[in-house]
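Here, residue 1 is the first one in the sequence, and each next residue gets the next number.
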Amino acid sequence: MSHFTDLAHQYIDGEWKPGSGSWDIIDFNPYTGEKLASITVATADEVDRAYRAAERAQVEWAATNPYARRLVFERALRIIEDREAEIAETIVAELGGTRLKAAFELHLAKEFLREAVQLALRPEGRILPSPVDGKENRVYRLPVGVVGVISPFNFPFLLSIKSVAPALALGNAVVLKPHQNTPICGGTLVAKVLEEAGLPAGLLNVVVTDIAEIGDALLTHPVPKVISFTGSDRVGRHVATVCAQNFKHAVLELGGNSALIVLDDADVDYAVDAAVFSRFVHQGQVCMAANRILVDRTVEEEFTEKFVAKVKTLRVGDPADPATHIGPLINSQQAEAVSSLVDQTVAAGATALLHGSADGNVVSPSVLSDIPADSPVLSQEIFGPVALIVPFDGEEEAVRIANDSPYGLSGAVHTGDVERGVRIAQRIHTGMIHINDGTVHDEPIVPFGGEKHSGIGRLNGDAMVDAFTTQKWISIQHGRSRFPF
C-alpha cells in the first residue's frame with residue numbers, strides 16, 4: 001500500500017505537502033479496518049492558497065489553444081489505461097468496491113475523459129441579429145474562471161473526474177475537495193494522473209479537509225464562481241444556500257429514491273435481474289439505485305419469489321475476491337444506520353423476506369415487503385443493501401406511488417409494450433428513467449441529473465458547457481447610433 005502513503009498529501013499549486021491543520025484524517029480500508037494512510041487536514045489558509053493558485057494559473061490556461069488543452073486529457077486516458085490494475089486495487093482497498101464495481105467505475109472514468117477531450121472544442125460563439133441598424137451582436141462563450149468540486153465516497157474516482165476534467169477542458173481551474181473517507185481515489189490520485197499528463201501547476205488543487213476545520217471556506221471564498229457538489233440532499237441544501245448568498249452558481253447532484261416499476265406484462269425473469277443489480281450494485285451505495293421495487297399485484301408472487309431466490313445467491317464478503325457481489329459499506333456509521341433502519345421497519349410491521357445482518361462493515365441483503373404506507377423508509381434514500389417490494393394495482397397507482405417521494409433522480413419501467421412504458425415514464429417526476437433496463441446508468445453525452453430534492457442542473461455533454469462556461473455579449477456599432485440627447 002506504499003502508493004497510499006505517497007498520495008497522502010495536499011496538492012496545492014503543483015506541490016505535494018502535508019496540511020497544516022492540527023489533526024489527521026485517517027484513511028481506512030472499510031473491509032479489513034487496516035489503516036491505509038493519514039493526512040493532516042488542510043486549513044482555511046490552505047483553501048485560500050489553493051483558490052489563489054487556481055485564479056493565477058487559469059488566466060494563461062484560458063488563453064491556451066483548446067487543441068493543446070485537450071492533449072492533457074488524451075495523456076491522462078493513456079495513464080489510466082496503463083495503470084488500470086493498480087487503480088482498481090486502490091478502489092477495492094479504499095472504498096470496499098468489488099472487482100466488478102472497480103471495473104465499472106474505471107470504464108466510465110475513461111469514457112468521461114474521452115468526452116473531456118471533445119469538450120475542449122465544444123464552446124461556440126454566436127452572431128445574433130440586432131433591431132438597431134449598423135449593429136453587430138457577438139456572443140462569446142468563456143470559462144467561468146475557477147470551479148470548486150466536492151465529490152462523494154461512492155464513486156469517488158469517476159465523480160471527481162466527471163466534473164474536474166470538463167471544467168479544466170473548458171478553460172477553467174479547479175479546487176477539488178474529496179470526501180474524507182476517500183481522499184486518495186476521489187482526490188490525490190486524480191491530481192497525480194493529471195500532473196503526470198502534463199497539466200500545468202496550479203490548475204488543479206486538491207484539499208483534503210473537513211467542515212470541522214474549514215467551515216464553509218470552500219463555498220464562501222470569493223474566487224470560485226461555480227460549485228459542483230455531489231452528495232446528500234441535506235448537505236446539498238446547505239451548499240445551495242451558501243452559494244446563493246455568495247452569488248455563486250451551484251450544480252447539485254444529490255440523492256435518490258428511485259422506483260423500478262414491474263408492470264403486469266413485464267418479462268419477470270429479466271425484471272428480477274435488472275432489479276437485483278439496480279438495488280445491490282456497490283452494496284446499494286448508489287444515488288440511482290432502485291430503492292423501491294413496485295410490482296403489479298398480478299405478478300407480485302412470482303416476482304417476489306424469484307427476486308428473493310436470486311438475492312440469496314449473492315456472495316457477501318471480501319471485495320478483493322472476484323466472486324464477491326456485496327462488499328462492505330463505507331464506514332461503521334453507515335453499517336449501523338442501515339441495520340437499525342431494517343430493524344425499525346420490521347418492528348413497525350413490515351415483513352422481512354430476508355433479514356440481513358452486519359459483520360463489521362459488511363451488511364448482508366434485506367428484502368422487505370408489507371411495508372406500512374406511512375413508513376419513513378419509503379420516502380428516504382437507503383444507502384445500503386435493502387430492497388423494498390411494494391405492490392400496486394394498475395398503472396395509475398404505480399405512477400402515484402413512484403411520484404410519492406421527495407426525490408426524482410432515476411427510475412425504470414418493465415413492460416412488454418415499450419410505448420406503454422414510455423407513457424408511464426413521461427408521468428414520473430424524475431430526471432432520468434429507463435424502459436426495460438436497470439436504474440443505474442450514466443453516459444458521457446446525455447444530460448445527467450435529478451428533479452425535486454435530487455438536485456439542480458445537469459452534467460455531461462452540452463450540459464457541461466452550460467455548467468462551466470458563461471456567456472458574454474459584445475456589440476459593435478459599424479454605423480452610428482442616434483442618441484435622444
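Not a single donor-acceptor pair under 3.5 Å links the side chain of His179 to the backbone N or O of Ser151. Judged by distance alone, with hydrogens and angles left aside, the side-chain atoms of Lys452 form a donor-acceptor pair with the main-chain N or O of Ser405 at under 3.5 Å. Tyr270 places a side-chain N or O within donor-acceptor distance of the main-chain N or O of Asn436, the cut-off being under 3.5 Å. For the pair Trp61 (side chain) and Leu168 (backbone), a donor-acceptor distance under 3.5 Å is present. A distance-only check finds a donor-acceptor pair linking the side chain of Ser454 to the backbone of Gly255 [under 3.5 Å]. Not a single donor-acceptor pair under 3.5 Å links the side chain of Asp233 to the backbone N or O of His453. Under the 3.5 Å distance criterion, the side-chain polar atoms of Glu94 are matched with a main-chain donor or acceptor of Cys185. In this structure, the side chain of Lys17 does not engage the main chain of Ile12 through any donor-acceptor pair within 3.5 Å. At least one donor-acceptor pair closer than 3.5 Å links the side chain of Ser366 to the backbone N or O of Gly356. A donor-acceptor pair under 3.5 Å is formed between the side chain of Thr324 and the backbone N or O of Asp318.
Qualifying side-chain hydrogen bond (donor to acceptor under 3.5 Å, both in side chains) partners for Thr43, counting only residues two or more places apart in sequence or in other chains: Glu46.
Considering only heavy atoms from C-beta on, Phe112 comes within 4.5 Å of Asp442 through its side chain. Counting only heavy atoms from C-beta outward, the side chains of Val164 and Leu204 approach each other to under 4.5 Å. With a 4.5 Å cut-off on side-chain heavy atoms, Pro183 and Thr188 do not count as touching. Within the 4.5 Å cutoff, no side-chain heavy atoms of Tyr11 are placed close to those of Val208. Inter-residue side-chain proximity for Ser332 and Asn361 is flagged as met; some heavy-atom pair is nearer than 4.5 Å. At least one side-chain heavy atom of Ile428 sits less than 4.5 Å from a side-chain heavy atom of Ile261. The shortest distance between side-chain heavy atoms of Leu409 and Thr439 does not fall below 4.5 Å. With a 4.5 Å cut-off on side-chain heavy atoms, Ser228 and Phe468 count as touching.
For the pair Lys162 and Phe448, the distance from NZ or CZ to the six-membered ring centre is under 6.0 Å and the angle to the ring normal is within 45 degrees. For the pair Lys177 and Phe229, the cation does not sit on the ring face, since its NZ or CZ is not both under 6.0 Å from the ring centre and inside 45° of the axis.
Listed by first and then second residue, the side-chain hydrogen bond (donor to acceptor under 3.5 Å, both in side chains) pairs involving residues 424-435 are Glu396-Arg427 (not counting sequence neighbours).
The number of heavy-atom neighbours closer than 6.0 Å to CD of Glu60, taken from other residues, nucleotides and ligands shown, is 12 or below. Residue Leu314 places its CG atom among more than 12 non-hydrogen atoms of other residues, nucleotides or ligands, all under 6.0 Å distant. Other residues, nucleotides and ligands contribute over 12 non-hydrogen atoms within 6.0 Å of the CG atom of Leu121.
Scanning both residues, Pro30 and Ala93, for their nearest heavy atoms gives CD-O, 3.4 Å. Across all their heavy atoms, Leu329 and Pro385 have their closest contact at CD2-CD, 4.1 Å. Shown here for Ala201 and Gly14, the closest heavy-atom pair between the two residues is CB-CA, 3.8 Å. Taking each heavy atom of Tyr51 and Ala217 in turn, the nearest pair found is CE1-O, 4.3 Å. Across Ile435 and Ala425, no two heavy atoms sit closer than the pair CD1-CB, 3.8 Å. When all heavy atoms are compared, the tightest approach of Gly187 to Val206 is O-CG2, 3.6 Å.
Taking CG of Leu113 as the start and CZ of Arg70 as the end, the distance is 14.0 Å to the nearest 0.5 Å. Taking CD1 from Ile39 and CG from Asp24, the interatomic distance works out to 9.0 Å, rounded to the nearest 0.5 Å. Separation of atoms CG (Asn154) and CG (Asn181) is listed at 11.0 Å; rounding is to 0.5 Å. The structure places CG of Leu36 at 8.5 Å from NE2 of His3, a figure rounded to the nearest 0.5 Å. Atoms OG and CG, on Ser278 and Leu260 in that order, are 5.5 Å from each other to the nearest 0.5 Å. A distance of 10.5 Å separates CZ in Phe73 from CD1 in Ile161, rounded to the nearest 0.5 Å.
Using a 4.0 Å cut-off between charged nitrogen and carboxylate oxygen, Glu115 and Arg122 count as a salt-bridge pair. A salt bridge between Arg141 and Asp466 is present, with a side-chain N of the basic residue lying under 4.0 Å from a carboxylate O of the acidic one. Lys192 has no carboxylate O lying under 4.0 Å from a charged side-chain N of Asp6, or vice versa, which leaves the two without a salt bridge. Using a cut-off of 4.0 Å between Lys/Arg side-chain N and Asp/Glu carboxylate O, Arg49 and Glu15 are scored as not salt-bridged. Ionic pairing of Glu111 and Arg114 is present here: one or more N-O contacts between side-chain nitrogen and carboxylate oxygen are shorter than 4.0 angstrom.
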Original post:
Between Phe157 and Ile80, does a side-chain contact (heavy atoms from CB on, under 4.5 Å) hold up when you go through it step by step?
Top reply: CA-CA 11 Å; Phe157 189 66; Ile80 291 173; 3.8 Å; yes

Original post:
Please walk me through it: do His282 and Phe155 pass ring-ring contact (aromatic ring centres under 6.0 Å, His included)?
Top reply: CA-CA 9 Å; His282 194 39; Phe155 281 78; 5.7 Å; yes

**OP:** May I have the step-by-step check of salt bridge (Lys or Arg N to Asp or Glu O under 4.0 Å) for Glu55 and Arg52, ending in yes or no?
**Re:** CA-CA 5 Å; Glu55 184 180 40; Arg52 295 298 171 191; 3.1 Å; yes

Subject >> Test salt bridge (Lys or Arg N to Asp or Glu O under 4.0 Å) applied to Arg99 and Glu89, step by step >> reply: CA-CA 8 Å; Arg99 297 272 171 210; Glu89 293 295 337; 3.2 Å; yes

**OP:** Step by step, work out the side-chain contact (heavy atoms from CB on, under 4.5 Å) result for Val311 and Arg279.
**Re:** CA-CA 10 Å; Val311 174; Arg279 176 61 271 192; over 6 Å; no

**OP:** Would you check, one step at a time, whether the test side-chain contact (heavy atoms from CB on, under 4.5 Å) holds for Asn65 with Arg69?
**Re:** CA-CA 6 Å; Asn65 188 315; Arg69 284 204 302 258; over 6 Å; no

**OP:** List the steps and the verdict of side-chain contact (heavy atoms from CB on, under 4.5 Å) for Ile382 and Leu388.
**Re:** CA-CA 10 Å; Ile382 308 172; Leu388 311 176; 4.0 Å; yes

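Screening Leu106, Ile184, Leu189 for a side-chain contact (heavy atoms from CB on, under 4.5 Å) involving Ile91 leaves a single residue, Leu106.
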